[in-house]
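A short worksheet on the structure shown next.
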Amino acid sequence: MPPRTTISPILSPSEITTIQQKVGTLLYYAVSVDPFMLPALGTIASSQAKATQSTKDACSWLMDFAASNPLSIIRYVASDMILYIHSDGSYLSAPKARSRAGGHFFLSQHPTDPAKAPLNRPRLNGPIHTTCHILRNVMASAAEAELGALFMNAKEGRIFRLTLQELGHPQPPTPIHCDNATAAGIANGTVKKQRSRSMEMRYFYICDQVKNKEFNVRWHPGQENLADYASKHHDSRHHREVRPVYLHEADSPTYLPRALT
């Protein structure tokens, strides 16, 4: 559900400047260490130019979260340096009827080597990048929001693929996990493009990349999609449950958890 629009008094210029300073400082930390802050920072940043009392309350809540979680740790383990991408989009989850795109990038073993991963599950590793963007256009469907997320993450993925190749790590078609069957079908050309023709034209960039074997888009259940957290807001219970998957803790899993059938 999209956030409810409320009428709140506009802050003074000095208070707006303070919020912008907090957002800038926390954004650096969130991108580097704690990606859990990104959805809240994105929402606050989208309204910081004309910040209201509601924006100030949200910023205070985020500062409390940062003070309550001061020891975020990301651990990286040795791998084959093969890029994996999880892509997710949330429909109408941002102000002004917009949608949010999330992406989770990490390095793991070669996807065609089942001996290194039980049941072909990729070994989890610390994230090298997390995307959390509010899509500028108003999406007409959840499938278009997911296709927009694939487009955003493929653009970022091209940069990481080129960097890894220049460092001497050849890349197979990069696996991209997507939890929307329609978006995955459009990317792979297995869905007839009739009503989807009205979707944003540039989003079909992912189709060309799949044909060129730069990416390998496959459908996976939402419970296995690590980009889900970056694409929407969650309650504290869900945050505590998934935190060991993204950050290093004593009970952090080694391999990507499988969804129940």
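Here the CD1 atom belonging to I128 is positioned 5.0 Å from the CZ atom belonging to F160, to the nearest 0.5 angstrom. Here the straight-line distance linking atom CG of D88 with atom CG of N225 works out to 4.5 Å at 0.5 Å rounding. Taken from CG in L26 to CZ in F65, the straight-line distance is 10.5 Å, to the nearest 0.5 Å. Taking OG from S236 and CZ from R243, the interatomic distance works out to 12.5 Å, rounded to the nearest 0.5 Å. With rounding to the nearest 0.5 Å, the separation of CD1 in I44 from NZ in K56 is 13.0 Å. To the nearest 0.5 Å, atoms CD1 (I16) and OG1 (T55) are separated by 8.5 Å.
When the ring pair (Phe, Tyr, Trp, His ring centres under 6.0 Å) test is applied to Y205, the partners found at least two apart in sequence or on another chain are F151. In this structure, the salt bridge (charged side-chain N to carboxylate O under 4.0 Å, His left out) partners of R237, at least two apart in sequence or on a different chain, are E241. Under the side chain to side chain donor-acceptor pair (under 3.5 Å) criterion, N216 pairs with R218, sequence neighbours left out.
Each of Y246 and I73 belongs to its own hydrophobic cluster when Ile, Leu, Val, Met, Phe, Trp and Tyr are linked at side-chain heavy-atom distances under 4.5 angstrom. Linking Ile, Leu, Val, Met, Phe, Trp and Tyr whenever their side-chain heavy atoms come within less than 4.5 Å leaves V23 and I10 in two separate clusters. Hydrophobic clustering (ILVMFWY, side-chain heavy atoms < 4.5 Å, transitive): L38 and W61 are in one cluster. No continuous path of ILVMFWY side-chain contacts below 4.5 Å connects V77 to L256, so the two sit in separate hydrophobic clusters. Hydrophobic clustering of Ile, Leu, Val, Met, Phe, Trp and Tyr side chains at less than 4.5 Å, counting indirect connections, unites V31 with F105.
Under the 3.5 Å distance criterion, the side-chain polar atoms of N153 are matched with a main-chain donor or acceptor of G102. T131 contributes a side-chain N or O that, together with a main-chain N or O of G103, makes up a donor-acceptor pair within less than 3.5 Å. Under the 3.5 Å distance criterion, the side-chain polar atoms of S252 are matched with a main-chain donor or acceptor of P244. No donor-acceptor distance shorter than 3.5 angstrom exists from the side chain of Y91 to the backbone of R100, with no hydrogens or angles considered. Between the side chain of N125 and the backbone N or O of F106, no donor-acceptor pair lies under 3.5 Å. Looking only at distances, no side-chain donor or acceptor of Y84 sits under 3.5 Å from a matching main-chain atom of R123. Using a distance-only test at 3.5 Å, with no hydrogens or angles considered, no donor-acceptor pair links the side chain of R158 to the main chain of K155.
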- Can T43 and H233 be said to form a side-chain hydrogen bond (donor to acceptor under 3.5 Å, both in side chains), step by step? CA-CA 10 Å; T43 301; H233 295 284; 2.9 Å; yes
- Message: Using side chain to side chain contact (heavy atoms under 4.5 Å, CB included), reason through L11 and K50 one step at a time and then give a plain yes or no.
- Response: CA-CA 8 Å; L11 299 179; K50 296 182 180 179; over 6 Å; no
- May I have the step-by-step check of side chain to side chain contact (heavy atoms under 4.5 Å, CB included) for V210 and N188, ending in yes or no? CA-CA 7 Å; V210 172; N188 290 301; 3.6 Å; yes
- Message: One pair to check against side chain to side chain contact (heavy atoms under 4.5 Å, CB included): H220 and D179. What are the steps and the verdict?
- Response: CA-CA 5 Å; H220 288 265; D179 61 1; over 6 Å; no
- Message: With side chain to side chain contact (heavy atoms under 4.5 Å, CB included) as the criterion, how do H86 and I176 come out once you've worked through the C-alpha distance, each side chain's angles and the decisive distance to 0.1 Å?
- Response: CA-CA 5 Å; H86 288 203; I176 300 183; over 6 Å; no
- Take E15 and S12 through the test side-chain hydrogen bond (donor to acceptor under 3.5 Å, both in side chains) and record every step on the way to the result. CA-CA 5 Å; E15 291 177 310; S12 64; 3.2 Å; yes
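In plain terms, the two heavy atoms of S90 and S93 that are nearest each other are OG-OG, 2.5 Å. Between L92 and A97, the shortest heavy-atom contact is CD2-O, 3.2 Å. When all heavy atoms of E146 and C178 are compared, the closest pair comes out as OE1-SG, 4.1 Å. Summarising the geometry of S46 relative to R98, their closest heavy-atom pair is CB-NH2, 4.5 Å, with the distance given to 0.1 Å. Between C132 and A230, the closest heavy-atom pair is SG-O, 3.0 Å.
Side-chain atoms of T52 and S47, non-hydrogen and from C-beta on, never get closer than 4.5 Å to each other. Two residues are said to be in side-chain contact when any heavy atoms from C-beta on lie closer than 4.5 Å; P253 and L124 meet this criterion. Residues L150 and I186 are not in side-chain contact: their nearest non-hydrogen atoms beyond the backbone lie 4.5 Å or more apart. Between L107 and I82 there is no side-chain heavy-atom pair separated by less than 4.5 Å. Side-chain atoms of V242 and F36, non-hydrogen and from C-beta on, do get closer than 4.5 Å to each other. At least one side-chain heavy atom of I74 sits less than 4.5 Å from a side-chain heavy atom of P127. Side-chain contact between M37 and N69: absent, with no pair of heavy atoms (C-beta onward) separated by less than 4.5 Å.
A side chain to side chain donor-acceptor pair (under 3.5 Å) check over residues 20-36, counting only residues at least two apart or in different chains, returns the pairs D34-S72.
Of the N and O atoms on the side chains of H104 and Y229, not one donor lies less than 3.5 Å from an acceptor on the other residue. H234 and H239 are not linked by any side-chain donor-acceptor pair at a separation below 3.5 angstrom, with hydrogens and angles left out of the test.
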When the side chains of residues 134-143 are checked against the rest of the protein, which donor-acceptor pairs come out under 3.5 Å, sequence neighbours left out?
residue, atom, partner, partner atom, Å
N137, ND2, E200, OE1, 3.2
S141, OG, E144, N, 3.2

Mind listing the side-chain donor-acceptor pairs of residues 161-169 below 3.5 Å, one per line with the distance, residues two or more places apart or on another chain?
residue, atom, partner, partner atom, Å
R161, NE, E214, OE1, 3.1
R161, NH1, P172, O, 2.7
R161, NH1, T174, OG1, 2.8
R161, NH1, E214, O, 3.1
R161, NH2, E214, OE1, 3.0
T163, OG1, I159, O, 2.9

